[in-house]
Amino acid sequence: MKIDKFTCIRCPMGCALEVRKDGGKITVTGNACKRGEQYALDEATAPKRTVTSTAELIGGELPRVPVKTADAVPKEKMFEVLEEIKNARLTAPVRIGDIAVKNAAGTGVDVVVTRNIERTFIA
């Protein structure tokens, strides 16, 4: 039997969760609600994370623009997503929700801009 322990982050309670894997059977204990149970199952079987970073911005008021994945991506794909963000080159102006990287690392999740940045006009 394998036992994994997690602290739930789905609500402010921070329940101490325990996931027991015995063959094909998985049980969760310590959760105060169904959200905690689902969180523990997801973490134990297919963990996902939201990735945040910055991307290069050409011609903008700032040299970089903050970005994040539009949804969580498989944890094992995080570094591939970050590499694609590192190679992205955006041109100002950019708006919140603009796609910086489409289908990042083949996950089906886009990386989107999280701040409006205007173009720099040089007279």
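Heavy atoms only: backbone and side chains are in, while hydrogens, waters and symmetry mates are out.
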Validation row: Pro63, Glu56 side chains within 4.5 angstrom (heavy atoms)
no

Keeping Thr114 on the side-chain end and Pro66 on the backbone end, is there a donor-acceptor pair under 3.5 Å?
yes

Among Val113, Leu90, Val67, which residue satisfies the side-chain contact (heavy atoms from CB on, under 4.5 Å) criterion with Leu57?
Leu90

Under 3.5 Å donor-acceptor pairs involving side-chain atoms of residues 27-34, not counting sequence neighbours:
unit_1	atom_1	unit_2	atom_2	d
Asn31	ND2	Cys33	O	2.9
Lys34	NZ	Glu37	OE1	3.2

Given the rule that I, L, V, M, F, W and Y join up when any side-chain heavy atoms are under 4.5 Å apart, are Ile9 and Phe6 in one cluster?
yes

Looking at Gly36 and Leu17, what are the two nearest heavy atoms and their distance?
O-CD1, 3.4 Å

If you take all heavy atoms of Arg115 and Val65, which pair is closest and at what distance?
O-CG2, 3.9 Å

What I want to find out is whether Arg95 reaches Glu118 closely enough, with some N-O distance under 4.0 Å, to be called a salt bridge.
yes

For Gly14 and Thr7 the tightest heavy-atom approach is O-CG2, 3.7 Å

Cluster check Met13, Tyr39: I/L/V/M/F/W/Y, side chain < 4.5 angstrom
no

For Gly60 versus Ala92, what's the shortest heavy-atom pair and its separation?
CA-CB, 3.5 Å

For Lys75, is the NZ atom crowded, meaning more than 12 foreign heavy atoms sit under 6.0 Å from it?
no

Are Lys2 and Asp4 within salt-bridge range, i.e. N to O under 4.0 Å?
yes

Contact between Ile26 and Arg20 at the side-chain level, heavy atoms closer than 4.5 Å - yes or no?
no

Examine Leu62 and Ile85 and state if one hydrophobic cluster contains both, with Ile, Leu, Val, Met, Phe, Trp and Tyr joined whenever side-chain heavy atoms are less than 4.5 Å apart.
yes

Are Val101 and Ile117 co-members of a hydrophobic cluster defined by side-chain heavy atoms under 4.5 Å apart?
yes

In a table with atom names and distances, give each donor-acceptor pair under 3.5 Å that connects a side chain of residues 48-55 to protein atoms at least two apart or in another chain.
unit_1	atom_1	unit_2	atom_2	d
Arg49	NH1	Glu43	OE2	2.7
Arg49	NH2	Glu43	OE1	3.1
Thr54	OG1	Arg64	NE	2.8

Closest approach of Glu84 and Ala104, non-hydrogen atoms and distance?
OE1-CA, 3.4 Å

Val109 vs Lys77 side-chain heavy atoms within contact, under 4.5 Å
no

Without swapping roles, check the side chain of Asp42 against the backbone of Pro47 for a donor-acceptor pair under 3.5 Å.
no

Which pair of non-hydrogen atoms, one from Ile58 and one from Arg89, has the smallest distance, and what is that distance?
CD1-CB, 4.1 Å

4.5 Å side-chain heavy-atom contact, Pro74 and Thr107
yes

Starting from the C-alpha separation in whole Å, work towards a yes-or-no answer on side-chain contact (heavy atoms from CB on, under 4.5 Å) for Val81 and Thr69.
CA-CA 9 Å; Val81 171; Thr69 52; 4.0 Å; yes

